[in-house]
Amino acid sequence: MSANAGLDPVAPLEPPVPTQKPIKTTGLHVGDAEPGCRKVDPILVVDKVRRSFGGLTAVDVDHLEVPRGAITALIGPNGAGKTTLFNLLTGFDKPNDGKWMFDGRSLAGMPAYRVARMGQIRTFQLTKALGLLSVMDNMLLGAKGQTGENMFRALLPFLWRTQEEANRAKALDLLTRFKLDTKKDDYAASLSGGQRKLLEMARALMSDPTLVMLDEPMAGVNPALTQSLLDHILNLKSQGMTVLFVEHDMHMVRHIADWVIVMAEGKVVAEGDPHEVMKNPAVIDAYLGQHHDEDIGQDPGAETEHVSAIKELLDDER
Amino acid sequence: MDWEAIFNNAAVELISPTTAAYALAALGLAVHFGYTGLLNFGQAGFMALGAYGYAISILTFGFPVWGAFLVGVGASVVFALILGIPTLRLRADYLAIVTIAAAEIVRLLFTTNTFASVTGSANGLSGYKNGFAALNPLAEGSYGFGPFENNAYDTWLRIVAWSIVILAALFVWQVMRSPWGRVIKGIREDEDAVRALGKNVYAYKMQSLILGGVFGTIAGMIFALPRAVVPSNYQTTLTFFIYAILLLGGAATVLGPIIGSMIFWVLLSFFSGFVSRAVEAGWLPFMTTIQGGQLRFILVGVAIMLIVIFRPQGVFGNKKELAFVR
């Protein structure tokens, strides 16, 4: 599945870039930029996390640290285990073994809703807008610690009305920033694919998260909206949040990521600064190497997709 | 053809306690299916627990009315927990299978001869109404007008039944416009998304299952008060009638189940009166009276089909919602 917006026939030849010049955060790691290297200030530390489905080991990460206050991209070819790792880290799936810490607290065995309450909020590859709820209700659902979410207190509106009004004001502010304020009373189902991505991101921000995990935020979004999404992701960083995102669009990764983690076949094969990591032979191998043993004629489509992705990157570098 | 009697009998059903019982049971299903998206096909089981819990507590243990009421409610809470703990973590369709089976288990337990001394087996139970009648503050005599004229006990029963329905409707209305209801409706749309926003989806689904189940249980008690408790009343067809009422009125609405129940019972009574008289008058020479008794369900079915085809969102449903049906 290619999420490369550049392949869109109506897309401009120039790749979409954020309107603001991203300020890259550097000096994130300690020692050499190698797989599993230590970070100066890690927010998420993963140790020996393994998940297999029958005989297939989808994720087998020995050690991984995600730097705080930076934008980290998780890339890799299809089937590399990126989304599975996301699901494991957010409690949506359970690993066979291993442990991982968020902000110094262990998350192993913790259900998804408690992970979210700790400030680690995720979005989904296939957008999960709550269709038959209004855009505003979608937003309000994101707020944490609501008194009225208890069934018995729900019966007494005076207990939660003030809090509700405050949440509503905050939601309206966020919706205005994401240019969805005119849609606030519409069903979320009436939004376009890109607007749903924006809504999902805005909804995640309602809980003031510390770590925002975006699973393919650009998939299926038209180039015009891509630009605004890029700006929003950069804003998250400038507001002090940490971002970890899975992405296929290499232009986007290069433009906004401070750090790149490359996965292949369930393992972390490379890490580093986005400009350096692309030159890493392990990365080129990860993208091109999966068909080394096969006759090139067998699956030309898949091959050329990765070749063009890498070529694009190398072209960009020049 | 005695049209006056047909319409009179149909009008009686408008506010009969049975209509109230079906309305309350449908309101419980609205909480389950319409708002939370839980496919509960065992509402008849909850109703049976209410009816038997009430009757057995009074007949076997000599409990007062409020004690019997609490026993019924307690039994349905336990039933909801037993159903919910293993299935609410799974996909929605598993709950449907488990509830339909569990409701049958409940009915068969009440039918089996093993417990005949307590449950009355297939003959059921009766003679538990004195406690409720003793609470009646109305003096002997006749109340109401026209088709709605009843004796003191029946009037008392109607007042209690419809008061409970109104209170339950107000409860659902208030709770569904609160943040709690927002989470519940969010779970219907996509429970993973709600989970990712830090809500304990499992606990919310359990609360919803218990709330709707308790409504069903109280409905079972109201249903039992004008008649005897007979196990064959609590077959799966009862659940399907309640689903028909819910879809008729509008699944995620408060007034839908109540008005739906009224439409359902008025239509059923009307067709029943019409068909039996038509057979007697020789209008339907190919049909016996017994066959005529079955025909009313066919006609009600056709009427409901027409409503669902031409107004698929139900009487009170929001037309806009249908534009986005997946």
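Chain letters run A, B, ... following the sequence lines, proteins first, then strands; residues in each count from 1.
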Contact origin within A:N167 toward chain B - heavy atom pairs under 4.5 Å: neither
Does B:S57 reach the main-chain N or O of B:G53 with its side chain, forming a donor-acceptor pair under 3.5 Å? yes
Please classify the contact of A:R153 with chain B as side chain, backbone, both or neither, using a heavy-atom distance under 4.5 Å. neither
The interface call for A:F92 against chain B, heavy-atom contacts under 4.5 Å, is side chain
Can a salt bridge be assigned to the pair A:R68 and A:D103 using a cut-off of 4.0 Å between side-chain N and carboxylate O? yes
Greater than 12 external heavy atoms within 6.0 Å of A:K179's NZ: no
Heavy atoms only, distances under 4.5 angstrom: which of A:E164, A:R122, A:R114 has the most pairs with chain B? Name it, please. A:E164
With a 4.5 angstrom heavy-atom cut-off, which part of A:A188 approaches chain B: side chain, backbone, both or neither? neither
Taking B:K185 for its side chain and B:G34 for its backbone only, find out whether a donor-acceptor pair lies under 3.5 Å. no
Exam field: side chain A:R196 to backbone A:A189, donor-acceptor pair closer than 3.5 Å: yes
Quick one about A:E149 and A:W160 (side-chain donor to acceptor, distance below 3.5 Å, no hydrogens or angles considered), yes or no? no
Counting N and O atoms only, with roles assigned by atom type, does the side chain of A:N138 sit under 3.5 Å from a partner on the main chain of A:S134, one being a donor and the other an acceptor? yes
Winner by heavy-atom pair count (cut-off under 4.5 Å) against chain A, out of B:V194, B:N200, B:I184: B:N200
Select one option (side chain, backbone, both, neither) describing which atoms of B:L170 are under 4.5 Å from chain A's heavy atoms. neither
So what's closer than 4.5 Å to chain A heavy atoms on B:F171: side chain, backbone, both or neither? both
Selection from A:L141, A:T123, A:N150, A:T127 maximising heavy-atom pairs under 4.5 Å formed with chain B: A:L141
